[in-house]
Structure formats: C-alpha cells, structure tokens
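Note that the numbering runs from 1 along the sequence shown for the chain.
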Amino acid sequence: MTAAELMYKPFRRYPALFADNFDKSWLHKDFVQISDAFEKPVKNYKDAIPDDLLRKEMDGVYSFNVFNDVFLQMFNEEINHFYDVSESENIPVKRPNSMNNYG
C-alpha cells in the first residue's frame with residue numbers, strides 16, 4: 001500500500017470497494033446478460049445479444065452498461081469523500097496528468 005492508501009484507510013466510506021474480491025451484484029443486469037452470451041458457443045454472438053443492450057456509438061464502436069446504480073453511487077461518493085478527507089488530513093493526491101500524448 002502507498003502512504004496515501006494507508007492514511008485514507010481509516011476514513012473509507014465503503015470498505016467493500018477496497019476488498020480483494022469484486023461483488024458481482026454491482027454488475028448491471030445488461031452486462032451480465034452480455035457476459036453470459038459469451039459463455040455459450042454460438043455461431044454469431046450478435047444474434048445472442050439483444051440489440052437493446054448495446055448502443056452503437058459509431059461503426060465498430062458500441063457501449064453498454066457495466067455497473068449498476070448502487071455501485072456507481074458508492075463509487076462516486078467514495079471518490080468525493082476521498083478528496084474531502086485528503087484535504088482535511090493532508091493526504092497526498094496524485095491526479096492524472098491531462099497533458100499526455102493521448103489527449
């Protein structure tokens with residue numbers, strides 16, 4: 001663990017988010033259905049996945065829900081809580097460098 005992780009550990013709002021095992025109940029039902037389609041051999045996976053589960057963003061690019069609302073709420077609350085605590089407890093925060101080669 002980094003120093004920042006150790007310093008923040010007692011302040012975690014949702015310790016389950018930091019567990020070694022991921023709670024599959026946080027997965028969106030659409031993602032589970034898509035994932036299940038790949039567990040069975042089929043001739044055409046496009047036929048195994050209902051069209052309403054995928055959003056075509058552009059040719060060859062699709063998006064779909066992965067996490068459910070419970071997970072998203074917990075995750076966002078934890079991030080905001082981390083930033084609040086990091087200020088009050090002087091926990092070092094490394095933010096991504098927005099000036100990289102990939103935009």
Asks: Fit a plane to each ring of F82 and Y8, take the angle between them on a 0 to 90° scale, and name the class: parallel (under 30°), tilted (30 to 60°) or perpendicular (over 60°).
Replies: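 Judged by the thresholds at 30° and 60°, the geometry between F82 and Y8 is perpendicular.
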Asks: Any donor-acceptor pair under 3.5 Å linking the side chain of N65 with the backbone of K29?
Replies: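 No; zero donor-acceptor contacts below 3.5 Å.
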Asks: May I ask you to decide if N76's main-chain N or O and H81's side chain share a donor-acceptor pair within less than 3.5 Å?
Replies: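 No: the side chain of H81 does not pair with the backbone of N76.
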Asks: Determine whether M74 and L17 make a side-chain contact, defined as any pair of heavy atoms from C-beta on separated by less than 4.5 Å.
Replies: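 The answer is yes, as the side chains (C-beta and beyond) meet within the 4.5 Å cut-off.
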Asks: Drop me the distance from K24's NZ to S35's OG, to the nearest 0.5 angstrom.
Replies: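 One finds 8.0 Å between NZ of K24 and OG of S35.
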Asks: Tell me every residue that passes side-chain hydrogen bond (donor to acceptor under 3.5 Å, both in side chains) with E89, counting only those two or more places apart in sequence or in another chain.
Replies: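 Listed in chain order: nothing, the list is empty.
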Asks: Just so I know, are the side chains of L54 and I34 near enough to count as touching, which here means a heavy-atom distance under 4.5 Å?
Replies: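 With C-beta onward as the side chain, the pair touches.
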Asks: Give me the ring orientation class for F75 and F71: parallel if the planes are under 30° apart, tilted from 30 to 60°, perpendicular past 60°.
Replies: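 It falls in the parallel class, under 30°.
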Asks: To the nearest 0.5 angstrom, please state how far the CD1 atom of I91 sits from the CG atom of L6.
Replies: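 Between I91 CD1 and L6 CG, I get 10.0 Å after rounding to 0.5 Å.
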Asks: Which pair of heavy atoms, one from P92 and one from A4, lies closest together, and at what distance?
Replies: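 Heavy atoms only, the tightest pair is O-CB, 3.5 Å.
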Asks: Can you name the nearest heavy-atom pair linking S25 to N68, along with the distance?
Replies: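 Taking S25 first and N68 second, the nearest heavy atoms are O-ND2, 2.6 Å.
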Asks: Taking the side chain as every heavy atom from C-beta outward, state whether D36 and V32 have any pair of such atoms under 4.5 Å apart.
Replies: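 Of all side-chain heavy-atom pairs linking V32 with D36, at least one is under 4.5 Å.
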Asks: When you measure from the side chain of E5 to the backbone N and O of T2, does any donor-acceptor pair fall under 3.5 Å?
Replies: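 It does hold such a pair.
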Asks: Think R12 forms a cation-pi with F18, using NZ or CZ under 6.0 Å from the six-ring centre and within 45 degrees of its axis?
Replies: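 Checked: cation-pi criterion met.
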Asks: How would you list, by chain and number, every residue that makes a salt bridge (charged side-chain N to carboxylate O under 4.0 Å, His left out) with K56, sequence neighbours excluded?
Replies: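 Scan of K56 (salt bridge (charged side-chain N to carboxylate O under 4.0 Å, His left out), adjacent residues dropped) gives D59.
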Asks: Quick one: CZ on F11 to OG on S88, what's the gap to the nearest 0.5 Å?
Replies: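 Atom-to-atom, F11:CZ and S88:OG are 6.5 Å apart.
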Asks: Taking atom CG of D51 and atom CG of L53, what is their separation to the nearest 0.5 Å?
Replies: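 If I round to the nearest 0.5 Å, the distance is 8.5 Å.
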Asks: Any chain of hydrophobic side-chain contacts (each under 4.5 Å) joining V93 to M7?
Replies: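 Linked within one cluster.
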Asks: What is the distance from atom CD of E57 to atom CZ of F64, rounded to the nearest 0.5 Å?
Replies: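 Reported to 0.5 Å precision, the distance equals 11.0 Å.
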Asks: Using only heavy-atom distances, determine whether the side chains of Y14 and E77 contain a donor-acceptor pair under 3.5 Å.
Replies: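 Yes, side-chain donor-acceptor contact under 3.5 Å.
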